[in-house]
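Note sheet for the following structure.
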Amino acid sequence: MSYKPLSDAEHEDGDINGPSLYQHEPKHDPYQPQPRPARRLFKTSRALHMAISIAAGTVMMLFGYEQGVFGGIIVGDDFLEYFHNPSPAMQGFVTSVYDLGCFGGAVIALFVGEKLGRKRMLIVFTIIMGSGIIVQTACHNMTVMVWGRLIAGIGNGGNTATAPVWHVETSHQSAKGMAVVQEMAVNILGFVISNFVTLAFSGLMTEAQWRFPLGIQMIFVAIILIMVPILPESPRWLLARKRDDEAKYVMSLLNDNNIEDEFDEIRASVKAEQAAAGSWSQLFKGGRATRRVLLGMALQSAQQLAGVNALGYYLPVVLHRSVGLGQYNARVVAAGSSVSYFITTSASLLFVDKVGRRPLLMVLAVGMSVAFLGISIGVGVGLKMPDSHSPGIAAVVFIWLFFTMFSFGWISVPWLYPAEINSLKFRTKGAALATACDWLFNYVVVQATPPGIEHLKWSYYLIYSILNATFVPMVYYFVVETQGRSLETVDAWFDQNPKWLVHKADHSANGSSSTQIMNGRGLPKLHIADDHEAMMEAFAVTADEDDEDSSLRSESPVTRRGSYPMVD
């Protein structure tokens, strides 16, 4: 690439994007065809997209790894002895404080993200996360471990609010859905890797049994910090900062075809989003906007209350302390289960946008309720019959059933829904609040699980069976169908159906095309073309509330680990 770094004086807002942001030289007449840019590090646009995918995927993989690693080490004898056998409540706190940090990081991203930009956000929060990982790896008492977990969580919260958005905003329009599939898949892959790493080091009877699985995360940190500075900033963010020349240049690096039409569409979309942004006071004054935001918040809260992280964070602990497997066997089964979870999650994302949200969520909630009921019975019978292996085997089968049911819809739809249900005016704020609910209830579940296993035993899992059963009437009576609908048709639906109870309403998407506004290519404007894109919006919790003129009101699709568009 032929470029030179831009100085502070060359930006009105004083932004510096490092050595990978470019100023093409000399400037070209915008009305004349521009030559293809010279590429220095990545010779083709395909190679550049691959590098962005690797960098963003590493962020999400690190997120998934962090979710699984602590449950794998906290079951080890050496870890427990080193920290003087912490109580179940303390085990829950040191694990869950990470999620509290993630919540804090997401809130920080909400207020500073648009000022810093996607790249600098990733660099800053990765450094914060790396600092937390180093503190955890080198700690000598539980207090320091708690601080390390909290700091790492802050970094992860900011990263997961940024990386998926950056990934999609730099992707081809035709590849946004695949970008989201990659984000979700590599998040679970990180979880798989953490289970196998803790399994590999479980045989050691030294501090390396737990220090190495924690410290190895610095490999992910190094990859992110090496790659992000040499990759381009989001064109949408540059356009939102009125840096049109740079945005066009970046788009020319990302595309091998003429970019004029796409550039004009994205610029018009950014301007529309900035003009439509609503205030927090408008959001909470009641009415349809409040109702729509609350629906997104409720569904993401339900995702955590389904109990996925009671098993996800603590699967080796559950298998060892509740099911009765030995430490090594518990880790082996946890690793195998995580592989199955990865496979079913990857497969489900290929059809989740082809099935209605309401029937999918209700059917899967029934299955998840049955699964937790089976886990509860298996654990209870196993306590009464300690010499029998059958109850433990049954509990393991039902654990697998839960992960399978969850991965077929509940892992993705709650991230999709806030982007689909909220109007353009409140989409970013609605996604931010829904994500905050996800982190908060994640914290509650992870905090409650060790003492719940210790004191409630089999009945702890019965609680999640009951909670999952209650999601069926919640979805039936309150959740609005969004599958196959454009932004305009969702708005029209709420205008025609002002009542909160929706079980008797018409949820079909038939006839919706008549209300869509079409662009020159025959595609709906301001329409999330692929439901996978909408998932990315759940991670877009970055909005500069203090700079109404220059901030990007992100329509970026997402979700995580997360999460959560370039308008067609």
Side-chain angles (χ1 to χ4, degrees), residues 62-105 127-157 191 194-195 197-218 220-221 309-322 327-328 330-331 334 439-456 460:
L62 177 56
F63 174 29
Y65 186 95
E66 263 283 6
Q67 283 184 301
V69 68
F70 220 74
I73 66 174
I74 205 170
V75 74
D77 288 336
D78 187 80
F79 178 90
L80 296 174
E81 290 175 7
Y82 188 89
F83 291 102
H84 309 293
N85 294 303
S87 67
M90 176 54 71
Q91 293 179 37
F93 179 70
V94 71
T95 307
S96 63
V97 74
Y98 173 78
D99 298 297
L100 207 57
C102 290
F103 170 75
I127 291 173
I128 293 172
M129 191 170 186
S131 301
I133 291 169
I134 292 173
V135 170
Q136 291 178 70
T137 305
C139 76
H140 293 285
N141 59 67
M142 188 58 76
T143 300
V144 176
M145 177 66 80
V146 168
W147 280 107
R149 295 281 293 168
L150 180 66
I151 294 169
I154 292 172
N156 182 68
F191 178 69
S194 71
N195 278 279
V197 169
T198 55
L199 172 64
F201 284 83
S202 63
L204 299 180
M205 299 307 294
T206 66
E207 295 172 24
Q209 182 189 84
W210 56 273
R211 291 194 191 273
F212 188 88
L214 290 174
I216 200 175
Q217 296 175 91
M218 291 303 295
F220 298 105
V221 171
N309 281 321
L311 299 178
Y313 273 66
Y314 296 110
L315 188 52
V317 178
V318 170
L319 293 169
H320 177 54
R321 298 181 188 174
S322 290
Q327 286 187 29
Y328 182 79
R331 288 190 171 100
W439 284 123
L440 285 176
F441 281 99
N442 193 338
Y443 166 75
V444 170
V445 170
V446 176
Q447 168 69 56
T449 295
I453 292 174
E454 177 72 16
H455 300 294
L456 299 180
Y460 180 69

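Residue numbers start at 1 and run along the sequence shown.
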Q: Provide the closest heavy-atom pair for P213 versus T198 in the form atom of the first, atom of the second, distance.
A: CB-CG2, 4.1 Å

**Q.** Any donor-acceptor N/O pair, Q209 side chain to S202 backbone, under 3.5 Å
**A.** yes

(Q) Tell me if a side-chain donor or acceptor on R331 pairs with a main-chain N or O of P316 at a distance below 3.5 Å. (A) no

**Q.** Residue pair L62 / N156, side-chain heavy-atom distance below 4.5 Å
**A.** no

Q: For residues Y313 and D99, determine if any side-chain heavy atom of one lies less than 4.5 Å from a side-chain heavy atom of the other.
A: yes

(Q) List the residues meeting ring pair (Phe, Tyr, Trp, His ring centres under 6.0 Å) with F201, not counting sequence neighbours, and say none if there are none. (A) F212

**Q.** Non-hydrogen side-chain atoms of V197 and Y65 separated by less than 4.5 Å
**A.** yes

Q | W210/I74 under side chain to side chain contact (heavy atoms under 4.5 Å, CB included): CA gap, chis, key distance, verdict | A | CA-CA 8 Å; W210 56 273; I74 205 170; over 6 Å; no

(Q) Taking side-chain contact (heavy atoms from CB on, under 4.5 Å) as the criterion, tell me which of N309, T95, V75 meets it with Y314. (A) T95

Q. What distance separates I134 CD1 from L214 CG, expressed to the nearest 0.5 Å?
A. 12.0 Å

Q.
Do M142 and Q91 make a side-chain contact, defined as non-hydrogen atoms from C-beta onward lying under 4.5 Å apart?
A. no

Q. Would you call Q217 and T137 a side-chain contact if the rule is heavy atoms closer than 4.5 Å?
A. no

Q | R149 (side chain) donor-acceptor with V97 (main chain) under 3.5 angstrom | A | no

Q: May I ask you to check whether D77 and Q327 show a side-chain donor-acceptor distance below 3.5 Å?
A: yes

Q | Qualifying residues under side-chain hydrogen bond (donor to acceptor under 3.5 Å, both in side chains), relative to R211, sequence neighbours excluded | A | Y82, E207

(Q) If I take atom SG from residue C102 and atom CG from residue L440, how far apart are they, to the nearest 0.5 angstrom? (A) 11.0 Å

Q: Work out which heavy atom in H140 is nearest to a heavy atom in F83; give both atom names and the distance.
A: C-CE2, 4.4 Å

Q. Does S322 use its side chain to pair, donor to acceptor, with the backbone of L319 at less than 3.5 Å?
A. no

Q) So do the side chains of Y460 and T449 get within less than 4.5 Å of each other, counting heavy atoms only? A) yes

Q: Decide yes or no for I133 and F220: does some side-chain heavy atom of the first lie under 4.5 Å from some side-chain heavy atom of the second?
A: no

Q.
I'd like to know whether CE of M90 has more than 12 heavy-atom contacts from other residues, nucleotides or ligands below 6.0 angstrom.
A. no

Q. Which heavy atom in G148 sits nearest to a heavy atom in V135, and how many Å separate them?
A. CA-CG1, 3.6 Å

(Q) Ring centres under 6.0 Å, that's the criterion: do F103 and Y443 meet it? (A) no

Q: List the atom of A89, the atom of Q447, and the distance in Å for their closest heavy-atom pair.
A: O-NE2, 3.4 Å

Q. L204 versus D78: any side-chain heavy-atom pair under 4.5 Å?
A. no

